[in-house]
Amino acid sequence: MPELPDVEGFRGVLERCGQGRRVRKVDVRDAGVLRDVTAERLQVAVEGRSFAEPRRHGKFLVAPLDDGSGPALVWHFGMTGALLCAPADEPPHDHDRVLLTLDDGNRLGYRDQRKLQGIRLAETPDDVDALLADLGPDALTIDRAGFLDLLADRRGAVKSLLMDQSALAGLGNLLSDEILWRARIAPDRPAREIEEAEARGLFTAMGRVLDTAVRDARVPPRRNWLTGHRDDPEPECPRCGNPLDSRRVSGRRTVWCPHCQR
DNA sequence: ATACCTCCCTGTGGGC
DNA sequence: TGCCCACAGGGAGGTA
């Protein structure tokens, strides 16, 4: 599930619920979500420290502790992860894998059904940089010139480019389909063959889709968006009414309108 | 450089 | 209310 807008929402959860709060207790209920760190190390590193200002890059959420010069928690939410804030005495959900009890009676929970990604501990700011080193620029902050350069440098399908985290960080399958639909560009078009005017339109569509999705903290399944139709039994394009098509592009289910998208 | 495959996990829904 | 399979909005690693 989580793409850039969802993770931006989790950043907000962490900011409102965690920032400035001290972690009283780290409860690892399922160590299967810990990546390159043991439950013991996580406890020692985090308990007694407080959350500084969190930040996001692509689909990663970074939570530096104390003054930011030492360890940081680095979250990735995979397909099914979420960060939730709840009163500490609320019974945990089955999929709450790690619980962080705060000093104000609240509790941050990393909830994740599938455990495809998880939580890392960066020991230093340099470690954080190393974890994020392979990511391209964030989709929310890249400028138009940088975006046009990405397209020009890429031979393969434009959808593969949008989804490639090392080229552009933050877009997932749903957002990519939505943005391409909005810009009327077929997902399998080679990126470098997209005309400049279309490419500018694609950049604008990305910005608008992201703005709305960030406000909703998800890709909203509105009926006038593609996303609102992709799971219909016989999906039709909300713009032209023609049937939507669906097939795999770069290994992911891809929905588009063959009539509108060229 | 890029596309495809498998794998990592769990749960759900459809077909039988 | 059983079994089996494909599939789901994540990514990594290996191959051609």
In whole Å, what is the span from the [atom1] atom of [X] to the [atom2] atom of [N]?
X: L135(A); N: dG11(C); atom1: CG; atom2: C1'; value: 11 Å
X: F60(A); N: dG11(C); atom1: CZ; atom2: P; value: 8 Å
X: D30(A); N: dT10(B); atom1: CG; atom2: P; value: 8 Å

Side-chain polar contacts of residues 38-47 of chain A - donor-acceptor pairs under 3.5 angstrom, sequence neighbours left out - could you list them?
unit_1 : atom_1 : unit_2  : atom_2 : d
T38(A) : OG1    : R41(A)  : N      : 3.0
R41(A) : NE     : E123(A) : OE2    : 2.9
R41(A) : NH2    : E123(A) : OE1    : 2.7
R41(A) : NH2    : E123(A) : OE2    : 3.4
Q43(A) : NE2    : V26(A)  : O      : 3.4
E47(A) : OE2    : V26(A)  : N      : 2.8

Practice prompt. Report yes or no: is the SG-SG distance between C17(A) and C85(A) under 2.5 Å?
Written response: yes
Considering only atom [atom1], compute the distance from [N] to [M] and round it to an integer number of Å.
N: dC9(B); M: dC3(C); atom1: P; answer: 24 Å
N: dC7(C); M: dC4(B); atom1: P; answer: 16 Å
N: dA6(C); M: dC5(B); atom1: P; answer: 14 Å

Worksheet item: Is there a donor N/O on one and an acceptor N/O on the other, under 3.5 Å, for the side chain of R252(A) and the base of dG11(C)?
Response: yes
Practice prompt. Return yes if the base of dA8(C) and the side-chain atoms of R114(A) contain a donor-acceptor N/O pair under 3.5 Å, otherwise no.
Written response: yes
Check this one for me: any side-chain N or O of [X] less than 4.0 Å away from OP1 or OP2 of [N]?
X: K59(A); N: dG11(C); answer: yes
X: R218(A); N: dG9(C); answer: no
X: Q165(A); N: dG11(C); answer: yes
X: H95(A); N: dG11(B); answer: yes

Worksheet item: salt bridge (Lys or Arg N to Asp or Glu O under 4.0 Å) between D164(A) and R154(A): does it pass, once the steps are laid out?
Response: CA-CA 11 Å; D164(A) 181 350; R154(A) 188 82 162 204; 3.1 Å; yes
Worksheet item: Strictly by modelled atom types, are D112(A) and T80(A) linked by a side-chain donor-acceptor pair under 3.5 Å?
Response: yes
Item to complete: Nearest-nucleotide wise, let me know which of R248(A) and R120(A) is further upstream toward the 5' end of DNA chain C.
Response: R248(A)
